[in-house]
2 protein chains.
Amino acid sequence: MEGNGFTDCANPQADFLKEILNREGFRLTSQRQKILALFSGDPLAHHLSAEEIHQRLADQGEKISISTVYRALHVMVNLGLLQELELAEDRKYYELLGPIMDQHHHLVCVHCGEVTEFEDPRITAVSDRETQAWGFTRLNAQFTVYGICPHCQGHLVAP
Amino acid sequence: MEGNGFTDCANPQADFLKEILNREGFRLTSQRQKILALFSGDPLAHHLSAEEIHQRLADQGEKISISTVYRALHVMVNLGLLQELELAEDRKYYELLGPIMDQHHHLVCVHCGEVTEFEDPRITAVSDRETQAWGFTRLNAQFTVYGICPHCQGHLVAP
DNA sequence: GGGGTTAGCGAAAATGATTTTCAATAGCTG
DNA sequence: CAGCTATTGAAAATCATTTTCGCTAACCCC
Ligand SMILES: [Mn+2]
Ligand SMILES: [Mn+2]
Ligand SMILES: [Zn+2]
Ligand SMILES: [Zn+2]
């Protein structure tokens, strides 16, 4: 009577995703749309783990299996839509990649986990130079600097 | 009758390690010495995973518990003796860090796992600049470029 | 628009690297 | 050497991620 909200209607975001998926033999599913929408919907909430994505979707009433979340993330990383990040120790984080978000890197506080982003053309220059020098096909590069943030520096000294 | 081969005798490597460990309240143990010796012993075999370390030690007759290997790795990373690397998807790799091995970075083939090392002063310059700009205490930085090596590029086309 | 083909989904079980538990042992300090 | 406690080994526990499998829904073609 009202559909799933994703059936054919003219949705630019969906058309874009369908185009990219179908080109590689993948299918456009409502689950994949919802996950991608989560990233593009809230620019402040990038750096999401699979579990966080699952939880946020659940909070907004979208029940998607956690295994589907993992599968969708892998597909999108392979398609170059998302980037996988190794910020914390245990889980992996994902963020929007490509034309939307410029290439950038991360400064992580190993104490509280705070993440700061930065850009520097030198990083791109170096990764280009090295991939060419060794004859590699460049996929992506990740530059992560670990340290202790100003706030945590105070909370660490003396007993 | 012959000791464990590590008791007090004048071993420069051991003295160095003991110094660093004791300074932080840690103890010099034969297990820690053996693990560190594995890295400094064979410069060709850096980039070792916990399991590989455990196996190599077993091969040379040193039975060390896998949990001890993990614990020793963490201690040494915190002391700045080793660096933890995220090269492959699943496990973590470790390599000697500090005065012995210059700061360097990695180019990884996502297809066969081949790892190439390279250096570039610009990377260090950027990480210094960013940590200072944000008031962080710099611990370490990791720059990893992912791509497909020349060899694998041939094996990927057509059915 | 419907039918056949097959990618993708959910739920639950499996996997596997890493961590924790706990009693026994071994560094270190005085 | 004695006492204190960090460290170890072995086994169990964690827990993020993956796999299995029967079922559903995209996509392609007429
Ligand atoms: Mn980011
Ligand atoms: Mn290296
Ligand atoms: Zn912090
Ligand atoms: Zn390769």
Side-chain angles (χ1 to χ4, degrees), chain A residues 3-9 11 14-15 17-36 48-55 57-58 62-79 82 84-94, chain B residues 3-9 11 14-15 17-36 48-55 57-58 62-79 82 84-94:
Chain A
N4 59 19
F6 286 105
T7 328
D8 23 55
C9 52
N11 178 333
D15 292 342
L17 183 55
K18 178 169 166 53
E19 160 85 21
I20 295 178
L21 286 167
N22 291 354
R23 186 184 308 152
E24 304 291 335
F26 295 109
R27 296 175 182 177
L28 175 67
T29 66
S30 67
Q31 291 86 342
R32 288 171 178 168
Q33 286 181 71
K34 288 168 187 161
I35 291 171
L36 189 58
L48 298 172
S49 69
E51 198 56 65
E52 284 168 355
I53 292 167
H54 182 251
Q55 188 55 58
L57 289 170
E62 310 287 11
K63 298 313 185 73
I64 295 183
S65 163
I66 185 68
S67 26
T68 297
V69 173
Y70 278 107
R71 286 184 286 230
L73 289 172
H74 288 163
V75 169
M76 289 170 161
V77 165
N78 285 327
L79 291 175
L82 297 179
E84 193 173 71
L85 302 174
E86 320 273 355
L87 301 176
E89 290 303 301
D90 44 358
R91 37 174 150 292
K92 287 175 182 154
Y93 288 83
Y94 297 83
Chain B
N4 59 19
F6 287 105
T7 328
D8 23 58
C9 52
N11 177 335
D15 291 342
L17 182 56
K18 178 169 165 54
E19 161 83 21
I20 294 180
L21 286 166
N22 291 354
R23 186 184 306 152
E24 304 292 336
F26 294 110
R27 294 174 182 177
L28 175 68
T29 66
S30 67
Q31 291 87 339
R32 287 169 179 167
Q33 285 181 71
K34 288 167 188 161
I35 290 171
L36 189 58
L48 297 173
S49 68
E51 197 56 64
E52 285 168 355
I53 292 168
H54 181 249
Q55 188 55 58
L57 289 170
E62 310 288 10
K63 298 313 184 75
I64 295 183
S65 163
I66 186 68
S67 26
T68 297
V69 173
Y70 278 106
R71 285 184 289 230
L73 289 172
H74 288 162
V75 168
M76 290 171 159
V77 166
N78 285 327
L79 290 175
L82 296 179
E84 193 172 71
L85 302 174
E86 321 273 356
L87 301 177
E89 290 303 302
D90 44 358
R91 38 175 150 292
K92 288 175 183 154
Y93 288 82
Y94 297 84

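Below, chain A is the first sequence line, B the second, and so on; all start at residue 1. None of these values were measured; they are calculated from a predicted model.
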Discussion item. Taking 4.0 Å as the cut-off, does a side-chain nitrogen or oxygen of B/K18 come that near to OP1 or OP2 on C/dC28?
Written reply: yes
Worksheet item: Using a cut-off of less than 4.0 Å, is there contact between a side-chain N or O of A/Y70 and OP1 or OP2 of D/dT17?
Response: yes
Discussion item. Just to be sure I understand the rule, does A/E51 reach a base, reach only the sugar-phosphate, or reach nothing, if contact means heavy atoms closer than 4.0 Å?
Written reply: nothing
Discussion item. Considering every strand and a 4.0 Å limit on heavy-atom distances, what is the contact class for B/I64: base, sugar-phosphate, or nothing?
Written reply: sugar-phosphate
Worksheet item: Taking C-beta and beyond as the side chain, do B/Y70 and B/I66 meet within less than 4.5 Å on heavy atoms?
Response: yes
Practice prompt. Identify which nucleotide among C/dT18, D/dC27, C/dC9 has an atom closest to any side-chain atom of A/R27, counting heavy atoms from C-beta outward.
Written response: D/dC27
Discussion item. Using the side-chain heavy atoms of A/Q31, tell me which of these nucleotides is nearest: D/dT8, C/dG27, C/dG10.
Written reply: C/dG10
Discussion item. Any base atoms under 4.0 Å from A/H54, or only sugar-phosphate, or nothing? Heavy atoms, all strands.
Written reply: nothing
Discussion item. Measuring to OP1 and OP2 of D/dA25, would you say a side-chain N or O of A/T29 lies under 4.0 angstrom away?
Written reply: no
Practice prompt. With the side chain of B/R91 defined as its heavy atoms from C-beta on, choose the nearest nucleotide among D/dA10, C/dT18, D/dC27.
Written response: C/dT18
Worksheet item: If you measure from the Lys or Arg side-chain nitrogens to the Asp or Glu carboxylate oxygens, is any gap between B/E51 and B/K92 under 4.0 Å?
Response: no
Item to complete: Take atom CG of B/D90 and atom P of D/dT19, then tell me their distance rounded to the nearest Å.
Response: 11 Å
Discussion item. Regarding A/R71, tell me which of base, sugar-phosphate or nothing describes its non-hydrogen contacts under 4.0 Å with the strands shown.
Written reply: base
Worksheet item: B/H74 NE2 to D/dA6 P: how many Å, rounded?
Response: 19 Å
Worksheet, complete the sentence: Atom CD of B/E89 and atom P of C/dA17 are separated, to the nearest Å, by 14 Å
Worksheet item: So what does B/S67 touch, heavy atoms closer than 4.0 Å: a base, only the sugar-phosphate, or nothing?
Response: base
Practice prompt. Starting from C1' on C/dG10, measure out to CG on A/L57 and report it in whole angstrom.
Written response: 15 Å
Item to complete: Establish, with yes or no, whether the OP1 or OP2 oxygen of C/dG27 is under 4.0 angstrom from a side-chain nitrogen or oxygen of B/N22.
Response: no
